[in-house]
Amino acid sequence: MSAESQSIPAGDAAPGDTPRRPGFLAACRSRGLFASIPIVIISTIAMTLNLASPADAATIVKKPPKVKSTLPAAVPAPSPGAVAASAPAKAVPAQYVVVEGDTVSSIGGRFGLSTASVLALNGLGWSSMIFPGQKLTLTTHAAAPTAVPAKKPVAAEITRYKVKVGDTISGIAAAHGLSTAAVLSANGLGRASIIFPGQAIVLPHGAPAASSAAAATTPAPAPVPVPTTAARPAAAAPGPAPSSYTIARGDTISTVAATARVPVQAILDANGLGWSSIIYPGQVLKIPTITRLTAEMRVNAEIIVAVGRRAGVSDRGLVIALAAAAQESGLRNVQHGDRDSLGLFQQRPSAGWGTAAQVLDPVRASRAFFGGTDNPNRGVTRGLLDISGWESLTVTQAAQAVQVSAYPNHYAKWEVSARLWVAELD
């Protein structure tokens, strides 16, 4: 190759310089060869070839090579200090609950804390793992408590009773003068719900609390609410005094009922249970017992049975009438009641059941209860025989259909006694 054909860039040759050396340096620069050579070697080469002084050599290496690229220039990531300066950190909470995707460093950065301080506060190491739901302490200083308006202690607003072995909802309700339904509702329970020793039961309407020991030794019998005709409570009627039975292994409600000679439904109702309820060994069940007729009760029961027989009422109809009268008045011809309610069935003159003297007549009051063709208030009040399909109703449903009571479920507890009264008096 001739000297004329060699291409030497202008400005590279100068008097006294070694030919082509500046051209070699320019070629290296244009091809980015220095980018892959360690700085010490590059500096040595530059000084050996008299291309630059040590300071110049350093300048050469620092100049970045130009790289052709179609990608947009990367935005340099700001330093942690810059981030903290540009966006103030959030107020640091005492604790933080880890969520999916969190890391210790990201949590620290979010609140302007160093990763090391978060690790130290929580006794973690650099290799420790965190997981969603984990609580991390972020400060050793507790937040100042917010002033809360003074209010009555919870104990003054809500009364609770601790369940003991053998307790039932109905027993707890009775001991505190409450209805079973009210206690169930206050605790979000149903008739099939199970309670267990140690459970806290809320007593609604500010009922006084009683200790388990006191309740076990001196249970206070609840006054029996007396439903009346036209949904009015009347004079309280004494209820059958229940006995109790402690469940043994292998017992069922049916076997307990058969042993006690009472209907299964009567035991379920007495204990606030349903057909799907579970009983367990050691549980104490209330067994409804029979209320014996006093002389006064017997006279009135005989009148009811005689009037019903004349009207062609079946034994089931007599049981319904006796259960209704027992609940309403205790089978006594009482001359008082809620507002103007009077007599065996607490019938109200203002509701069309007759005058005060008429509703206090046991015979006429019984005729009005049974109704039918012998109804003394035909077209005004409705008796048992005036209700279509009453034979297929339960004792409670049938009695309620006549009485329209504010306490429709209370007639059932008299069913067992009423059945025996019919058999005894007929």
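Given the structure is predicted, the values throughout are model-derived calculations rather than measurements. Index from 1, following the sequence.
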When you check the gap from the basic side-chain N to the acidic O, do Arg309 and Asp315 get nearer than 4.0 Å? yes
If we ignore angles and hydrogens, is there a donor and acceptor under 3.5 Å between the side chains of Ser350 and Asp340? yes
Short question: side chain of Asp386, backbone of Gly372 - any donor-acceptor pair under 3.5 Å? yes
Just so I know, are the side chains of Arg110 and Asp102 near enough to count as touching, which here means a heavy-atom distance under 4.5 Å? yes
Just how far is it from atom OG1 of Thr396 to atom CD1 of Ile320, taken to the nearest 0.5 Å? 9.5 Å
Would you call Trp421 and Leu331 a side-chain contact if the rule is heavy atoms closer than 4.5 Å? yes
Dump the intermediate steps for side chain to side chain contact (heavy atoms under 4.5 Å, CB included) on Trp275 and Val264, then the final yes or no. CA-CA 9 Å; Trp275 288 93; Val264 172; 3.5 Å; yes
Does Gln95 CD have over 12 foreign heavy atoms under 6.0 Å away? yes
Applying ring pair (Phe, Tyr, Trp, His ring centres under 6.0 Å), can you list everything that pairs with Tyr96, at least two apart in sequence or on another chain? Phe111
Would you say the side chain of Asp251 lies within less than 4.5 Å of the side chain of Tyr245, judging by non-hydrogen atoms? yes
Between Ser254 and Thr252: side-chain donor-acceptor atoms closer than 3.5 Å: no
Can you tell if the side chain of Leu420 reaches within under 4.5 Å of the side chain of Glu424, non-hydrogen atoms only? no
Distance check, rounded to the nearest 0.5 Å: Leu322 atom CG versus Trp414 atom CH2? 11.0 Å
Minimum heavy-atom distance between Pro132 and Glu100, given as atom pair plus value: CG-OE1, 3.4 Å
Between Ile304 and Phe370, is there a side-chain heavy-atom distance shorter than 4.5 Å? yes
With rounding to the nearest 0.5 angstrom, report the CD1 to CZ distance, Ile303 to Arg367. 13.0 Å
To check you understand the geometry: which heavy-atom pair defines the closest contact between Gln347 and Pro349, and what is its length? O-CD, 3.6 Å
Are there over 12 heavy-atom neighbours, none belonging to Gln199, within less than 6.0 Å of that residue's CD? yes
Do side-chain atoms of Asn300 reach the backbone of Glu296 as a donor and acceptor pair under 3.5 angstrom? yes
List the steps, then state whether side chain to side chain contact (heavy atoms under 4.5 Å, CB included) holds for Trp353 with Gln358. CA-CA 8 Å; Trp353 288 88; Gln358 288 173 333; over 6 Å; no
Would you call Asp374-Arg310 a salt bridge at under 4.0 Å N-O? no
For the CG atom of Asn409 and the CD atom of Gln327, what is their distance to the nearest 0.5 Å? 10.5 Å
Under 4.5 Å between any side-chain heavy atoms of Ile130 and Ile107, yes or no? yes
Rounded distance [0.5 Å steps], CG in Leu385 versus CG in Asn375: 9.0 Å
Does any part of the side chain of Leu425, heavy atoms only, come nearer than 4.5 Å to the side chain of Leu293, both counted from C-beta? yes
Quick one: are Thr246 and Leu285 in side-chain contact, heavy atoms under 4.5 Å? no
To the nearest 0.5 Å, how far apart are CD1 in Ile287 and OG in Ser243? 5.5 Å
Where do Val334 and Gln346 land on the side chain to side chain contact (heavy atoms under 4.5 Å, CB included) test, with the steps shown first? CA-CA 8 Å; Val334 294; Gln346 289 290 282; 3.2 Å; yes
